[in-house]
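Bear in mind that the values here come from a model prediction, so they are computed numbers and not experimental data.
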Amino acid sequence: MAEEVKEAAAVGASGHEGEDSGRSAGIWWVVALCLAWIVPGLVGHDPWKADEPYTLGLVNHILQTGDWVVPTLAGEPFLEKPPLFFITAAGFARTFSPLLPLHDAARLAGGFYSLVALLFAGLTGRELFGRGRGRVAAFLVLGCIGLQPTAHKLITDTALFAGFSVALYGLALSRRRCLAGGALLGTGTGMGFMAKGLLAPGLLGFTALALPLVAKEWRSRRYAATLATALAAVVPWLTVWPVALYLKAPRLFDEWMWVQNFGRFLGHNDLGPKNKVGFYFYTLPWYAWPAFPLALLVIWRERPWRRSDSPLFLPFTAFVVMLALLSLSRDARSLYTLPLLLPLALLATPGEKMLAGRFAAWLNGAALVVPALAALLLWGGWLVMTAGVPAAVAGEILRKHPHVPVVRPLLLAAALVYTVGWVLVVRRWRHLPERFAVIWGAGLVMAWGVAMTLWLPWQDAGRSYREVTASLARVLPPGACISSKGLGESERAMFEYRAGVVTKRVEVGAPVDCTFHLDQLRKELKELPPAAGWEKVWEGRRPGCKNERFILWRRGETVGRTGLSAGP
């Protein structure tokens, strides 16, 4: 198998072997399926908690003020992340908002970066393993379960993911074209830095330095030229915004550098969930499915650490370095696993050639059965909810996200297209010897497409802040002064975006001296007025949400009782 992989890599590097018409047709299938995967979920719904609302708030600030140096949320600096994604989303919003709602237009930036990540993952697979392997690599990335909810969001991690994909392609290309590879390595690292701070330079920098330390094949003048070019390419990314931030607000620069970057990694603050022992080891098996088991098979069979001239050596080294550094961090979320999908998918790319016997039959069967079951559940649940029969099941579905279900012809037609399209793809590819990646990827495309068409109104009903913000806006007089306590980042962004409400937060030292005061309460908290003499004039929550609610108080001694009714 090692000789086959090496031969395939040589073919990909030389580029002398052409592709037959069947493989060319396969490329267009892959392109079509990638586009079909990325579109559902990008438009047609409000910003959804947890990350989308506050991201939109930062984008909205750039659109209103033109200030890209200091990310600002509801009137307060928000230095958690650099502004690359916010600037990109603002550009999409400005370009497409005449045709789409502002939040939908901004969300197109997430789709753009996800497509960039798939493109460069495919290029890396082709560079390492030869022609025809790029599409397998792209589909193994697309098929990872953990990527599904992230790739379609208004969220900075899509730009980070794209940066990692560009940088890994630069490393793969550097063996053949050192200057172009270095430029891409530096550009991808810079994109990752401007998306989420020092994470990308740390992970990619240690990976680039580890290669020559552990393998003599990477100790060459050409690779030194690659690193020098990468350094020159990354310097503008690393300096322009940080210098601009420091010149404009030195205190905010210190907060970003030491609190948001080093503080999160070393655990000197309480900004993120803490890293539990072995977190990534029990997260990866499901988050990176199905790349994870295939990658383990390849690692077990090929022992890439023994042969540094193997095309597997680069993704193996990248995976080990990234996993080690992420495991050392004191903060951890499943979302932080995203960069690991790329080297895992590359490691898994030659895995289908190794499948045999019961394991191959089981995986290929799962690639058909799991999406089919998902389709049955999605279609069956939608029919029950829409028809209201049986009533008990329909009531349970609607209790979670209350709304009036109606048949939307356009969404229904789209769901049918996705379902029938999946059947056609399966019929075309199911007899090929290496079919698992395509069949599984197509199944996820279908399941995601049906979920984001038939079930889109249901999801939006329970995850949108539209009703609660509109209800609050009807109660408040124009220009009212409002203090607040406990209001989360997403809620602050949505109250500003939907209702034009910007509060003075008690948490950052604002006094409770306004006529109105807004509390956000969690499930276990009891409602208490800010002080004696305050009266409750409104209460609201998202439909079906039981773990948060909002209470609006008004000074009784300043304004008399008016009998205003509470919100929903």
Side-chain angles (χ1 to χ4, degrees), residues 46-98 100-110 112-113 153-160 191 193-197 240-257 259-260 271 464-466 469 472-473 476 478-484 487-505 507-510 518 520:
D46 279 353
W48 289 345
K49 195 176 178 178
D51 296 296
E52 284 198 325
Y54 81 77
T55 304
L56 180 64
L58 298 167
V59 171
N60 204 27
H61 168 76
I62 294 176
L63 291 172
Q64 292 177 349
T65 66
D67 180 11
W68 57 271
V69 176
V70 180
T72 301
L73 176 66
E76 297 178 18
F78 186 80
L79 273 298
E80 186 174 309
K81 301 173 181 71
L84 173 64
F85 185 83
F86 311 138
I87 294 170
T88 309
F92 274 94
R94 194 178 298 277
T95 303
F96 294 102
S97 58
L100 296 169
L102 182 68
H103 51 272
D104 279 349
R107 199 182 290 113
L108 296 178
F112 166 74
Y113 280 118
K153 279 185 177 180
L154 185 67
I155 184 173
T156 58
D157 295 82
T158 57
L160 175 73
M191 289 172 58
F193 168 77
M194 280 296 291
K196 210 162 181 177
V240 172
W241 175 73
V243 169
L245 178 63
Y246 181 80
L247 293 176
K248 186 170 184 177
R251 182 185 62 81
L252 295 179
F253 173 84
D254 290 341
E255 177 188 339
W256 168 74
M257 174 63 78
V259 177
Q260 297 293 344
L271 296 177
S464 169
Y465 285 89
R466 182 187 297 267
T469 53
L472 177 64
L476 288 169
C481 177
I482 312 167
S483 58
S484 69
L487 208 58
E489 295 161 353
S490 294
E491 291 76 18
R492 290 164 55 207
M494 285 297 94
F495 281 126
E496 181 186 25
Y497 177 61
R498 287 294 186 190
V501 172
V502 177
T503 66
K504 299 179 180 181
R505 292 201 301 143
E507 294 91 333
V508 295
L518 182 64
Q520 181 176 354

Do [X] and [Y] touch side chain to side chain, with heavy atoms closer than 4.5 Å?
X: E80; Y: Y54; answer: yes
X: I482; Y: F495; answer: no
X: T55; Y: F85; answer: yes
X: T158; Y: K153; answer: no
X: L487; Y: E507; answer: no
X: K504; Y: S484; answer: no
X: L108; Y: L100; answer: yes
X: L102; Y: L63; answer: yes

Using every non-hydrogen atom in the two residues, find where [X] and [Y] come nearest and quote the distance to one decimal.
X: R466; Y: T469; value: O-OG1, 3.0 Å
X: Y465; Y: P53; value: CE1-CG, 4.4 Å
X: M194; Y: P82; value: O-CB, 3.2 Å
X: A106; Y: L154; value: O-CD1, 3.4 Å
X: A90; Y: I62; value: CB-CG2, 3.9 Å
X: A473; Y: A499; value: CB-CB, 3.9 Å

### Query
Measuring from W48:CH2 to H103:NE2, what's the distance to the nearest 0.5 Å?
10.5 Å

### Query
For the atom pair CG (L245) and CZ (F253), what is the distance rounded to the nearest 0.5 Å?
7.0 Å

### Task
Determine, stepwise, if the pair L56 / M494 fulfils side-chain contact (heavy atoms from CB on, under 4.5 Å).
CA-CA 8 Å; L56 180 64; M494 285 297 94; 3.8 Å; yes

### Query
Should D51 and K81 count as an ion pair when the cut-off is N to O under 4.0 Å?
no

### Query
Should D67 and H61 be marked as a side-chain contact (heavy atoms from CB on, under 4.5 Å) after you check the CA-CA gap, both sets of side-chain angles, and the distance that decides it?
CA-CA 7 Å; D67 180 11; H61 168 76; 3.8 Å; yes

### Task
I would like to know whether R107 and D104 meet salt bridge (Lys or Arg N to Asp or Glu O under 4.0 Å); could you show each step before the answer?
CA-CA 5 Å; R107 199 182 290 113; D104 279 349; 2.7 Å; yes

### Task
Applying side-chain contact (heavy atoms from CB on, under 4.5 Å), run through L84 and Y113 and close with a yes or a no.
CA-CA 11 Å; L84 173 64; Y113 280 118; 3.7 Å; yes

### Main-chain N/O of G488 paired with Q520 side-chain donor or acceptor, under 3.5 Å
yes

### Query
Backbone N or O of V502 within a donor-acceptor pair of the E496 side chain at under 3.5 Å?
no

#### Entry: Test log, rule side-chain contact (heavy atoms from CB on, under 4.5 Å), inputs T156 and F86
CA-CA 8 Å; T156 58; F86 311 138; 3.5 Å; yes

### Query
Considering residues, nucleotides and ligands other than Y246, do more than 12 of their heavy atoms fall under 6.0 Å from its OH?
no

### Task
Could you label the plane-to-plane angle of the W256 and F193 rings as parallel, tilted or perpendicular, counting under 30° as parallel and over 60° as perpendicular?
perpendicular

